[in-house]
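First up is the structure itself, then whatever we jot down about it.
We count ligands from 1, going down the list as the structure has it; atoms in each ligand are counted the same way. None of these values were measured; they are calculated from a predicted model.
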Amino acid sequence: MLSKKSITDIPAKDLAGKKVFVRVDFNVPLQDGEITDDSRIKAALPTIQYLMEKGAKIILASHLGRPKGKGDPASSLTPIAKRLSTLLSIPVQQAPDCIGSDVEKMVSTLQNGQILVLENVRFYKEETDNDPEFSKKLANLADIFVQDAFGSAHRAHASTAGIAAYIPAYAGLLVQKEIAFLDNAIKSPVRPLVAIIGGAKISSKIGVLKNLLGLVDTLIIGGGMTFTFLKSQGVDVGLSLVETEKLDEARFFLEKAKTSSTKILFPVDEVVVKEFKNDAAFQIVDIRQIPADMEGVDIGPKSISAIQNVVKDAGTIIWNGPLGVFEMPTFAKGTNSIAQALADSKAITVIGGGDSTAAINQAGLADRMTHISTGGGASLEFLEGKELPGISVLLDK
Ligand code: ADP
Ligand code: MG
């Protein structure tokens with residue numbers, strides 16, 4: 001993956017005056033038309049600024065929301081273009097569409113270093129269909145394609161993959177950084193390599209767990225999926241979250257893990273409640289002794305110290321998935337303590353997953369992590385060992 005060509009491999013003279021189509025991930029959260037978190041726009045700035053400095057004509061494309069293949073003012077990129085202009089302190093042009101003669105005209109009048117933001121590519125269903133004709137129309141706007149939408153790189157869509165069949169395709173700086181951190185963490189980590197995988201469900205994480213088996217030195221499993229694993233071993237877990245249809249898969253995984261070089265660690269104690277609410281009365285019990293009328297919502301203090309001990313000596317830590325119901329402050333203790341332990345550790349810390357990132361932001365610890373991925377789904381698929389279509393299409397060195 002690391003051997004892909006990036007925009008830094010293009011000689012400066014070959015960028016000046018060139019029309020560069022950059023696929024970015026501007027899919028930011030909006031509330032009543034206002035951007036509530038612009039970190040994805042900020043994450044795209046290094047590539048945009050790099051291309052500006054080199055005198056390229058910059059065409060930015062993204063999806064936003066789920067407009068279902070037709071125009072929808074609520075999913076227009078107008079607020080994003082405005083925010084981008086503010087962040088860069090320069091005017092930014094906005095096209096009324098992402099293909100067609102009006103857009104072509106706007107592109108043809110772009111000066112070196114200027115920016116044109118195209119309208120939402122998902123206003124066309126051809127985008128998610130990865131339609132070749134649509135891909136070609138996007139490609140016709142530019143000389144070069146730059147992939148910088150790491151958050152969309154696990155999708156084979158027209159603007160993330162299809163377009164690369166028609167013009168030379170390079171990785172942007174964000175994509176390069178994301179791949180470098182994730183790749184190093186898995187393929188050439190400073191050891192011991194520790195992965196902490198939590199979250200609600202086995203179904204969304206089993207692929208990652210399987211792929212990490214044999215790769216990581218210690219695999220810490222926590223969060224809601226703990227209980228499906230326990231249940232698969234015949235342990236009663238009370239009313240805790242169990243995916244009944246995943247019991248066989250859980251059992252099979254644990255069987256395989258026995259012969260693997262990876263040490264697996266489960267929580268040993270758990271915070272349990274009768275009612276699923278923040279101010280519910282709670283108890284801390286041995287994880288194998290959850291009362292029949294209670295459910296696990298956070299890891300207990302013994303589990304926290306056990307994880308802290310592993311984290312303390314780690315060389316690299318991959319974290320994906322909260323260890324408890326962190327949205328309720330009373331049950332955020334486990335997740336927050338682990339976030340703090342990662343922040344305090346000297347290890348390389350690589351974080352993936354929307355909720356894990358939210359937990360770290362909530363704890364104010366974001367700038368103390370080595371790398372927080374901008375792509376929840378994409379980073380998961382990467383950790384599963386899958387090829388990301390938006391990366392595979394880029395030029396090999
Ligand atoms: P990420 O987005 O970081 O990949 P997930 O989406 O897999 O994480 O999981 C996050 C969710 O897991 C959170 O909503 C959290 O409340 C839930 N969760 C964690 N522990 C438990 C638990 N013990 N019981 C129920 N849900 C849990
Ligand atoms: Mg999530």
Side-chain angles (χ1 to χ4, degrees), residues 27 29 37 39-40 150-151 154 182 195-209 211-212 219-231 235-244 246 250 266-278 280 282-288 290-291 294-300 303-304 307 317-339 342 349-363 365-366 369 371-384:
N27 185 30
D37 177 1
S39 29
R40 282 182 170 162
F150 182 72
H154 57 315
L182 289 166
I196 306 172
I197 309 294
K201 291 183 167 180
I202 282 203
S203 45
S204 63
K205 302 287 164 86
I206 189 77
V208 174
L209 295 177
N211 190 46
L212 294 182
L219 177 57
I220 298 169
I221 299 178
M225 66 181 153
T226 307
F227 308 110
T228 304
F229 281 112
L230 285 173
K231 182 99 189 178
V235 179
D236 281 330
V237 296
L239 301 177
S240 305
L241 186 69
V242 171
E243 286 172 274
T244 312
K246 291 287 164 189
F266 277 102
V268 288
D269 57 352
E270 185 77 13
V271 176
V272 293
V273 293
K274 276 191 183 150
E275 284 174 284
F276 194 73
K277 57 177 194 186
N278 186 47
F282 66 84
Q283 289 175 38
I284 295 163
V285 298
D286 184 300
I287 197 111
R288 292 173 171 267
I290 298 178
M294 300 187 94
E295 68 177 300
V297 285
D298 194 11
I299 55 171
S303 309
I304 295 176
I307 302 176
I317 305 164
I318 298 168
W319 182 20
N320 178 296
L323 299 162
V325 184
F326 77 102
E327 296 93 335
M328 299 186 196
T330 316
F331 313 123
K333 207 168 177 181
T335 301
N336 287 345
S337 307
I338 301 316
L342 259 64
T349 48
V350 178
I351 321 295
D355 290 292
S356 322
T357 304
I360 286 171
N361 285 333
Q362 196 176 295
L365 296 170
M369 303 296 162
H371 180 69
I372 299 182
S373 178
T374 54
S379 67
L380 261 188
E381 292 201 13
F382 191 96
L383 294 176
E384 282 176 36

Using a strict cut-off of 4.0 Å, indicate which atoms of ligand 1 neighbour a heavy atom of [X].
| X | answer |
| --- | --- |
| E327 | 13 (C), 14 (O), 15 (C), 16 (O) |
| K205 | 1 (P), 4 (O), 5 (P), 7 (O), 8 (O) |
| S356 | 1 (P), 3 (O) |
| P322 | 3 (O), 8 (O), 9 (O), 10 (C), 19 (C) |
| G321 | 3 (O), 8 (O) |

Let me confirm one number: the [atom1]-[atom2] distance from [X] to [Y], rounded to the nearest 0.5 Å.
| X | Y | atom1 | atom2 | answer |
| --- | --- | --- | --- | --- |
| L383 | I197 | CG | CD1 | 6.5 Å |
| K246 | I206 | NZ | CD1 | 8.0 Å |
| I220 | S303 | CD1 | OG | 10.5 Å |
| N361 | S39 | CG | OG | 7.0 Å |
| T335 | I299 | OG1 | CD1 | 7.0 Å |
| W319 | T349 | CH2 | OG1 | 10.5 Å |

Quiz item: Do L239 and M294 have side-chain heavy atoms sitting under 4.5 Å apart?
Solution: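 A side-chain contact is absent here, since even the closest heavy-atom pair is not under 4.5 Å.
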Quiz item: For atom 18 (N) of ligand 1, which candidate among G223, S203, G353, G324 holds the nearest heavy atom?
Solution: G324
Quiz item: Is it the case that N278 and T330 place a side-chain donor and acceptor less than 3.5 Å from each other?
Solution: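 Side chains of N278 and T330: pair found under 3.5 Å.
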Which heavy atom of the protein is the closest neighbour of [atom], given with residue, atom name and distance?
| atom | result |
| --- | --- |
| atom 12 (O) of ligand 1 | A200 N, 3.1 Å |
| atom 26 (N) of ligand 1 | V325 CG2, 3.8 Å |
| atom 21 (C) of ligand 1 | G224 N, 3.3 Å |

Within-cut-off N or O pair, [X] and ligand 1, under 3.5 Å:
| X | result |
| --- | --- |
| G296 | yes |
| S204 | no |
| F326 | no |
| D355 | yes |

Where on [X] is there a heavy atom closer than 4.0 Å to ligand 1, on the side chain, on the backbone, on both, or on neither?
| X | value |
| --- | --- |
| N320 | side chain |
| E295 | neither |
| K201 | neither |

Quiz item: Would a distance-only check, ignoring hydrogens and angles, find a side-chain to backbone donor-acceptor pair under 3.5 Å from D298 to V271?
Solution: no
Exercise. Check whether any side-chain N or O of E270 sits under 3.5 Å from a backbone N or O of I290 as a donor-acceptor pair, and report yes or no.
Key: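 No, because the side chain of E270 does not come within donor-acceptor range (under 3.5 Å) of the backbone of I290.
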Quiz item: When you look at CZ of F282, are more than 12 heavy atoms from neighbouring residues, nucleotides or ligands closer to it than 6.0 Å?
Solution: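 Result for CZ/F282: open.
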Quiz item: Does F227 come within less than 4.0 angstrom of ligand 1, counting non-hydrogen atoms of the residue?
Solution: yes
Quiz item: Hey, which N, O or S atom on D355 ends up closest to the Mg ion (ligand 2)?
Solution: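 Among the N, O or S atoms of D355, the one closest to the Mg ion (ligand 2) is OD2.
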